[in-house]
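Structure first, commentary second.
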Amino acid sequence: MDIGLMVEGQAGLNWERWIHVLRLAERAGFPSLFRSDHYFIGPQHDSLEAFISLTVAARETQRIRFGVLVSPVTFRHPVDVARMAGQIDLLSGGRLVLGVGNGWNEPEHAAYGLPFPEPAERSRRLEEAVHVMRALWGPGPASYKGRYYRLEGADMLPKPAGGRPHLLIGGSGPKRTLKLAAQHADEWNSVNAPPEVISERVGILREHCEAIGRDPASIRKGVMVFAAVGRTRREVEAAADGIRRLTFRGEDLTPAQTIARARERGMLVGTLDEVMERLEGYARAGIDEVQFQHMNFEDDTLPEWLAAEVAPAARSL
């Protein structure tokens, strides 16, 4: 199992911090670095535009996979996403992971005047967007006629490295999202669920793959976790403060209260033994990579511990 790193791009990420995290991830040996794609969640802070920041990632790193977990289909037209992703992938030598999903945070859509359709329409739009992007990445000219998007003789140039970017579909909807992942994804990702829930979702994904004759092992499977973890109790409490600020916004909680609430929500809490117990559960469920949230951009303690102690232990799972 691989251990990756994840940051929230809307939580005070600026250029200095982003470049530092990129260099840290590469130096520490992480195989991947992901970021969210949001305008804001809760209070509004510095928030770097996702695809511009990925262009910087392509130039500031040489080895790691990088991408978005995930880009909402509601934010941008899929033609724009396909063009940006294809060119960033080419610039990076094929290291981009394009994560896409339905979108969920209605307040940011309202604030910026973006339409926020009901869930079924967002799912349909995501499916059409995947078809549009794959058509544009393939041999041109491409045509497509859907309910929401159309192409007529569009030949998108230059083409991505290796034919098309690595496509990740995020989400856990059993009927639509997991079926779409089985049909089109190179990678699937779920968020912050305990191993038994992840195992159930992997099972549904496997059934969708088998229904269309696809080998489920051809889809890389990941879980992104909010985690209050560290070498010591003090480091766990410091990480819990990041969870409090990001997840329990506006609540005046002590470290102990935050840790208790995090456990109630199924978040990963504890030192190395607790971390490995959770990772072993994910490994049994068939997960290939776990991305840990890094919330305190001013302190490298957590990512350095993950790289030094957790990642080597996880490779044997």
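Positions are given from 1, in the same order as the sequence printed here. Basis for what follows: all heavy atoms, side chains included, without hydrogens, waters or symmetry-related copies.
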Check your understanding: Glu26 side chain to Gln62 main-chain N or O, any donor-acceptor pair under 3.5 Å?
Key -> yes

Exercise for review: May I ask you to decide if Arg176's main-chain N or O and Ser123's side chain share a donor-acceptor pair within less than 3.5 Å?
Suggested key: no

**Study point:** Note, Phe66 side chain near Leu54 side chain (heavy atom, < 4.5 Å)
**Key:** yes

Practice item. Show the numbers, then the answer: is there a side chain to side chain contact (heavy atoms under 4.5 Å, CB included) between Met1 and Tyr282? Key: CA-CA 9 Å; Met1 176 185 291; Tyr282 286 147; 3.8 Å; yes

Review point. Does the side chain of His20 come under 3.5 Å of the side chain of Asp300 through a donor N or O and an acceptor N or O?
Key: yes

Point to revise | Glu309 with Arg231: basic N within carboxylate O range, under 4.0 Å | key: yes

Revision key, fill the gap. Taken to the nearest 0.5 Å, the spacing of Arg265 CZ from Ile243 CD1 works out to 10.0 Å

Exercise for review: Test Arg59 against Thr55 for side chain to side chain donor-acceptor pair (under 3.5 Å), laying out the working first.
Suggested key: CA-CA 7 Å; Arg59 300 302 288 174; Thr55 305; over 6 Å; no

Check your understanding: Salt-bridged, Lys145 to Glu128, with N to O below 4.0 Å?
Key -> no

Review point. Between Glu8 and Arg35, is the closest basic N to carboxylate O distance under 4.0 Å?
Key: no

**Study point:** Value rounded to 0.5 Å, distance of CD1 in Ile169 from CG in Leu126
**Key:** 6.0 Å

**Study point:** Parallel, tilted or perpendicular, as decided by the 30° and 60° cut-offs, for the rings of Phe40 and Tyr112
**Key:** tilted

Study note, to complete from the structure: In this structure, CG of Asn189 is separated from CD1 of Ile219 (nearest 0.5 Å) by 12.5 Å

**Study point:** Note: Arg76-Asp37 ion pair, threshold 4.0 Å (strictly below)
**Key:** yes

Exercise for review: Kindly indicate whether the side chain of Glu235, heavy atoms from C-beta on, has any atom under 4.5 Å from the side chain of Thr301.
Suggested key: yes

Check your understanding: Do the side-chain N and O atoms of Thr61 and Arg23 include a donor-acceptor pair separated by under 3.5 angstrom?
Key -> no

Check your understanding: Any side-chain heavy atom of Glu289 within less than 4.5 Å of one from Arg65?
Key -> yes

Check your understanding: Heavy-atom distance under 4.5 Å between the side chains of Ser190 and Ile198, does that happen here?
Key -> yes

Practice item. I would like to know whether Ser36 and Gln10 meet side chain to side chain donor-acceptor pair (under 3.5 Å); could you show each step before the answer? Key: CA-CA 7 Å; Ser36 60; Gln10 77 287 347; 2.7 Å; yes

Point to revise | From CA spacing to verdict: side chain to side chain contact (heavy atoms under 4.5 Å, CB included), Phe292, Val275 | key: CA-CA 11 Å; Phe292 281 78; Val275 171; 4.1 Å; yes

Review point. Does Glu237 pair with Arg233 as a salt bridge, N-O distance under 4.0 Å?
Key: yes

Point to revise | Close side-chain approach of Val225 to Gln293, heavy-atom, < 4.5 Å | key: no

Exercise for review: Look only at the side chain of Asn192 and the backbone of Phe226, and say whether a donor-acceptor pair between them is shorter than 3.5 Å.
Suggested key: yes

Point to revise | Between Glu274 and Thr271: side-chain donor-acceptor atoms closer than 3.5 Å | key: yes

**Study point:** side chain to side chain contact (heavy atoms under 4.5 Å, CB included) evaluation trace for Val223 with Val191
**Key:** CA-CA 6 Å; Val223 178; Val191 175; over 6 Å; no

**Study point:** Residue among Arg124, Arg125, Glu127 satisfying side-chain hydrogen bond (donor to acceptor under 3.5 Å, both in side chains) with Tyr148
**Key:** Arg124

Practice item. Flag the pair Arg220 and Asp2 as a salt bridge only when some basic side-chain nitrogen lies within less than 4.0 angstrom of an acidic carboxylate oxygen. Key: yes

Practice item. Could you tell me whether Arg63 sits above the aromatic face of Phe30, with NZ or CZ closer than 6.0 angstrom to the six-membered ring centre and within 45 degrees of the axis? Key: no

Exercise for review: Taking the side chain as every heavy atom from C-beta outward, state whether Glu187 and Val97 have any atom pair closer than 4.5 Å.
Suggested key: yes

Study note, to complete from the structure: The reported gap from OG in Ser53 to CG in Asn14 (rounded to nearest 0.5 angstrom) is 12.0 Å

Exercise for review: Taking only Lys NZ, Arg NE, NH1 and NH2, and the carboxylate oxygens of Asp or Glu, determine whether Arg164 and Asp186 approach each other closer than 4.0 Å.
Suggested key: yes

Exercise for review: Please step through ring-ring contact (aromatic ring centres under 6.0 Å, His included) for the pair Phe75 and His109, ending with a clear verdict.
Suggested key: CA-CA 8 Å; Phe75 279 4; His109 291 76; 5.2 Å; yes

Review point. Are Glu298 and Arg17 close enough for a salt bridge, meaning some N to O gap below 4.0 Å?
Key: yes

Practice item. Look only at the side chain of His131 and the backbone of Gly146, and say whether a donor-acceptor pair between them is shorter than 3.5 Å. Key: no

Exercise for review: Take the angle between the ring planes of His38 and Trp104 and call it parallel below 30°, perpendicular above 60°, tilted in between.
Suggested key: perpendicular

Point to revise | His166 side chain near Leu98 side chain, heavy-atom distance below 4.5 Å | key: no

Exercise for review: Kindly determine whether Val81 and Phe51 satisfy side chain to side chain contact (heavy atoms under 4.5 Å, CB included), including the steps that lead there.
Suggested key: CA-CA 9 Å; Val81 175; Phe51 285 89; 4.1 Å; yes

Review point. Could you state the interatomic distance from CZ (Arg244) to OG1 (Thr254), rounded to the nearest 0.5 Å?
Key: 10.0 Å

Review point. Going from CE on Met224 to CG on Leu69, what distance comes out if it is rounded to the nearest 0.5 angstrom?
Key: 6.5 Å

